[in-house]
There are 2 protein chains.
Amino acid sequence: MDGYDKYAFEPFAVTVDLAVFTVREGALHVLLVERGQEPYAGQWALPGGFVRPDESAESAARRELGEETGLTDVSGLHLEQLRTYSEPDRDPRMRVVSVAFAALLPDAPEAHGGSDAARARWTPYGDARALAFDHDRILADARDRIGAKLEYTCLATAFCPPEFTLGELQQVYETVWGTALDRPNFRRKVLATPGFVEAVPGAARLTGGRGKPAALYRAGTATTLHPPLLRPTPEGRHA
Amino acid sequence: MDGYDKYAFEPFAVTVDLAVFTVREGALHVLLVERGQEPYAGQWALPGGFVRPDESAESAARRELGEETGLTDVSGLHLEQLRTYSEPDRDPRMRVVSVAFAALLPDAPEAHGGSDAARARWTPYGDARALAFDHDRILADARDRIGAKLEYTCLATAFCPPEFTLGELQQVYETVWGTALDRPNFRRKVLATPGFVEAVPGAARLTGGRGKPAALYRAGTATTLHPPLLRPTPEGRHA
DNA sequence: TCTTTTATAGTCGTGATGACTATTAAAGGG
DNA sequence: CCCTTTAATAGTCATCACGACTATAAAAGA
């Protein structure tokens, strides 16, 4: 931070880009917007925008999250900074440094498109390819991070509505990781971790299903998982 | 990224700040520089500087790492992006967004101070307080991250010279975590993890010690620890 | 009523790990 | 030159977490 007058510094534009995830119909979906102008006009991109003079990147990200999802209250949603992308040529017009965020939504309300980008749409993760700028990489990094954090945090409940069944929670893991989990073992692990979930006392149950109704749970107060809930290893040795 | 012409955007200065760690004499040390000018003149700060027009934040961070440590070759050192700090008031003069990095050094060569900051010094982590700007927080975040990554990565070898004993490796863990570890158990765990370390075949040994000479090891090819090497939990339940 | 479906309960064996004890190989002091 | 100190290395043992199962319960639909 020394040397403000020793080195000239170029002014940068600073933006935020958001990888907004939800689990819909057993598949991981991500919110994309269609670009209306060059460069990459007509291509899909992650929602985002410029950081304004009076706000931090976190504030800008949450503001954009509200604008792009059309939700009126985004204060409780999980939003975390991923990393910053600053390759000199990542925007063909000018020097743009982008702070990337990942957001997790429980339900999947149809995107209505905010003032900034009217054509926002939920897209299955696998279909989100050939995005504008370096957004393919940002999106892949975001998914990697979320998948890894499921192992050692209680983050999975951020994908769930306020009350949920253990089956729904398990489906979050299976969807993000792309692997099947043993149901009794998953149940044992979740219930054995204090503060991960807490039972809804009213013996409530979920309607609509075919089999035995499932008990409802709420997210607990714990934030980390000790010991972690490791995803099954396709190859290699260990536990 | 839409709306380049809809919203005016303020130009930002973009800097990198580095939390450079090493283990020296059984204590975690961090590289600090003394500020020569306002604001915070005379106070200590993390080394860093402006990102230049033709380089990414990663390039700038590695360049600064070389300048501040005085090392001629920093290409092999561990350097990772932490997160970006962008509070509007973090620099009293202007809007500065800083991308923070953590770097790990094996040996602790006395800092010689580069062109940018002549007064770089290794400081015990506990003594690094009241730093300029928001560097107290950056430094704390950096230590948290490094400590957490020791659990599930092979990062600890980045603190060690090319050849090291298991005792030295254990001291890295104990120093960063601030806890004592059981030596036979640590040894069993490290050797049972394939690719963490590999024995130096020449039955080499470390000189200078008092007791039985220790075998030497090199860093292996593995990067992650499965299952992780969890730090002992002071409170609470689990493994 | 019988089958299907899903949630929940429990069992069993193995591997990882915390807490130890024992042995080996050096330095240093008397 | 022995004997103590120091540190590395080699075990042992019990507990716990977890993967792989099997069994039971409670609903919907035929």
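Chain identifiers are assigned alphabetically (A, B, ...) following the order of the sequence lines, protein sequences preceding nucleic acid strands; residue numbering begins at 1 within each chain.
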- Find the distance A:Glu151:CD to D:dC18:C1' and express it as a whole number of Å. 14 Å

- Note on the structure: Contacts of A:Ser75 meeting side chain to side chain donor-acceptor pair (under 3.5 Å) (sequence neighbours excluded), chain-then-number -> A:Asp73

- Query: Which residues, if any, of residues 178-190 of chain B bring a heavy atom under 4.0 Å of DNA chain C?
  - Reply: B:Asp182, B:Pro184, B:Asn185, B:Arg188, B:Lys189

- Nucleotide C:dA16, atom P - distance to OH of B:Tyr152 in whole Å: 21 Å

- Message: A:Pro162: which residues meet the side-chain contact (heavy atoms from CB on, under 4.5 Å) condition with it, sequence neighbours left out?
- Response: none

- Not counting sequence neighbours, which residues clear side-chain contact (heavy atoms from CB on, under 4.5 Å) with B:Ala57? List them please. A:Ser86, B:Val16, B:Val99, B:Phe101

- Item | Residues in side chain to side chain donor-acceptor pair (under 3.5 Å) contact with A:Glu174, at least two apart in sequence or another chain | A:Gln170

- Whole-Å gap separating P (C:dG10) and CG (A:Leu191): 12 Å

- Query: Partners of A:Trp177 by ring-ring contact (aromatic ring centres under 6.0 Å, His included), sequence neighbours excluded?
  - Reply: A:Tyr173

- Item | B:Tyr85 vs B:Asp141 side-chain heavy atoms within contact, under 4.5 Å | yes

- Rounded to the Å, how far apart are A:Leu229 CG and D:dC16 P? 20 Å

Could you run down the sub-3.5 Å N/O contacts of the protein with nucleotides 28-30 of chain D?
{"unit_1": "D:dA28", "atom_1": "O4'", "unit_2": "A:Arg210", "atom_2": "O", "d": "2.9"}

- Task: Write down the distance between CZ (A:Phe164) and P (C:dT6), rounded to a whole number of angstrom.
- Result: 20 Å

- Query: How many Å lie between CD on B:Glu168 and P on D:dT9, as a whole number?
  - Reply: 11 Å

- Are B:Leu131 and B:Asp136 side-chain neighbours, meaning at least one heavy-atom pair lies under 4.5 Å? yes

Exercise answer: donor-acceptor pairs, residues 147-160 of chain B side-chain atoms, under 3.5 Å, sequence neighbours excluded:
{"unit_1": "B:Lys149", "atom_1": "NZ", "unit_2": "B:Glu80", "atom_2": "OE1", "d": "3.2"}
{"unit_1": "B:Glu151", "atom_1": "OE2", "unit_2": "B:Arg231", "atom_2": "N", "d": "3.0"}
{"unit_1": "B:Glu151", "atom_1": "OE2", "unit_2": "B:Arg231", "atom_2": "NE", "d": "3.2"}
{"unit_1": "B:Thr153", "atom_1": "OG1", "unit_2": "B:Lys149", "atom_2": "O", "d": "2.5"}
{"unit_1": "B:Thr153", "atom_1": "OG1", "unit_2": "B:Leu155", "atom_2": "N", "d": "3.2"}
{"unit_1": "B:Thr157", "atom_1": "OG1", "unit_2": "B:Cys154", "atom_2": "O", "d": "3.0"}

- Task: Identify which nucleotide among D:dA25, C:dA16, D:dC18 has an atom closest to any side-chain atom of A:Lys212, counting heavy atoms from C-beta outward.
- Result: D:dA25

- Query: Between atom NE2 in A:His226 and atom C1' in D:dC16, what is the gap in whole Å?
  - Reply: 16 Å

- For B:Arg143, all residues meeting salt bridge (charged side-chain N to carboxylate O under 4.0 Å, His left out), sequence neighbours excluded: none

